[in-house]
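Structure first, then comments.
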Amino acid sequence: MNKPNPSIEQELRAQIDPARVPVHIAVTMDGNGRWAEQHGETRIAGHLNGVQPIREVLTAATEAGVKFLTLYAFSTENWNRPKAEVDALMELLVKTLASEVDELDRNGVRLHTIGDTDSLPTGCRTELKKAMDRTKANDRITLTLALSYSARWDILRMVRSIATDIRDGRLDTHAVNEALIAERLSTRGLPDPDLLIRTSGEHRISNFLLWEIAYAELWFTPVLWPDFRKQHLFQAIVDYQQRERRFGLTRDQLPAS
Ligand code: FPP
């Protein structure tokens, strides 16, 4: 087990420049199954051990001054996993929301979701609604859970909605621009992620935020999600701050930092 190391954590935290913290961090939480296998446990035990890192990453992000944290919790494709695993994940979501909502609220976290949440079981929808209503006035950090989400599902919805409005004469083709597209994705209102983290050594995007990550910095770590701790988030931010983001410009065109 990758034990948290308080001195490394403090050291990394101190290296973060508060003026250049990513506004929005997105995370693909991967490796619960492999963690379980390595520990001789069931896949479901792997997911249970994936809850503590969510607390850690949320606390670390809040402490660092990140304003938006988006977690890929359940993809459209995850519905095809064995029923027992899907049921266990849904139950875990309900239980975690119920047990954590006070703490989220106390810490100024606003809970938000993206994805086809209508397809979630009733119990999940009820618990999510309760937690979102309860935390809607908070503004320290927005925690977005991507649930039954995939970027292609979202893009398809957006294209259909624009096509329908053009067909019915409510929208002119020339009015279709990047801002309108962003407005019709389920991520509307969220700034594009500055930093995308993926755990477990996989170097893939896997249908996550394809439109939104156009200029995100990507950070990959071999650490399996259940072993992810605050120090890893701080490390990702420190590495992010060493990158030069040019957004298609030349170095000479960038504002002096
Ligand atoms: C990926 O690991 C993880 C998931 C599909 C689920 C993520 C869920 C949690 C971290 C638990 C709870 C979530 C909430 C919001 C309460 P994997 O199963 O794909 O791992 P593998 O690639 O090693 O098999």
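Because only heavy atoms are used, hydrogens play no part in the values below, and waters and symmetry mates are left out as well, while side chains stay in. Counting starts at 1 for both ligands and their atoms, in listed order.
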**Item:** Of the listed options R81, E91, R34, closest to atom 18 (O) of ligand 1 (non-hydrogen atoms)
**Value:** R81

Could you check whether [X] pairs with [Y] (Lys NZ or Arg NE/NH1/NH2 to Asp/Glu carboxylate O, under 4.0 Å)?
X	Y	result
D165	R184	yes
D30	R198	yes
D102	R106	no
K95	E100	no
E217	R243	yes
E127	K130	yes
R229	E9	no

**Donor on one side chain, acceptor on other, T76 and N78, under 3.5 Å** = no

**Asked** Any idea how F228 and W219 line up, ring-wise: parallel (<30°), tilted (30 to 60°), or perpendicular (>60°)?
**Response** perpendicular

**Prompt:** Relative to the ring of F68, is the ring of H24 parallel (under 30°), tilted (30 to 60°) or perpendicular (over 60°)?
**Reply:** tilted

Classify the contact between [X] and ligand 1 as side chain, backbone, both or neither, using a heavy-atom distance cut-off of under 4.0 Å.
X	answer
L224	neither
T96	side chain
W35	neither

Need the ligand 1 atom indices (1-based, order shown) with element for anything under 4.0 Å from a heavy-atom of [X].
X	result
N78	5 (C)
W225	10 (C)
L92	11 (C), 12 (C)
G33	17 (P), 18 (O), 20 (O), 21 (P), 23 (O), 24 (O)

For [atom], find the nearest protein heavy atom and state the residue, atom name and distance (0.1 Å precision).
atom	result
atom 3 (C) of ligand 1	M29 O, 3.3 Å
atom 4 (C) of ligand 1	H47 CE1, 3.9 Å
atom 7 (C) of ligand 1	A73 O, 3.5 Å
atom 9 (C) of ligand 1	N32 ND2, 3.8 Å
atom 15 (C) of ligand 1	L93 CD1, 3.7 Å

**Asked** Yes or no on side-chain contact (heavy atoms from CB on, under 4.5 Å) for D87 and M90, after CA distance, side-chain angles and deciding distance?
**Response** CA-CA 5 Å; D87 289 349; M90 294 300 148; 5.6 Å; no

**Asked** Has ligand 1 got any nitrogen or oxygen that is less than 3.5 angstrom from a nitrogen or oxygen of D30?
**Response** yes

Strictly under 4.0 Å, does any heavy atom of [X] approach an atom of ligand 1?
X	answer
I54	yes
S200	no
R43	yes

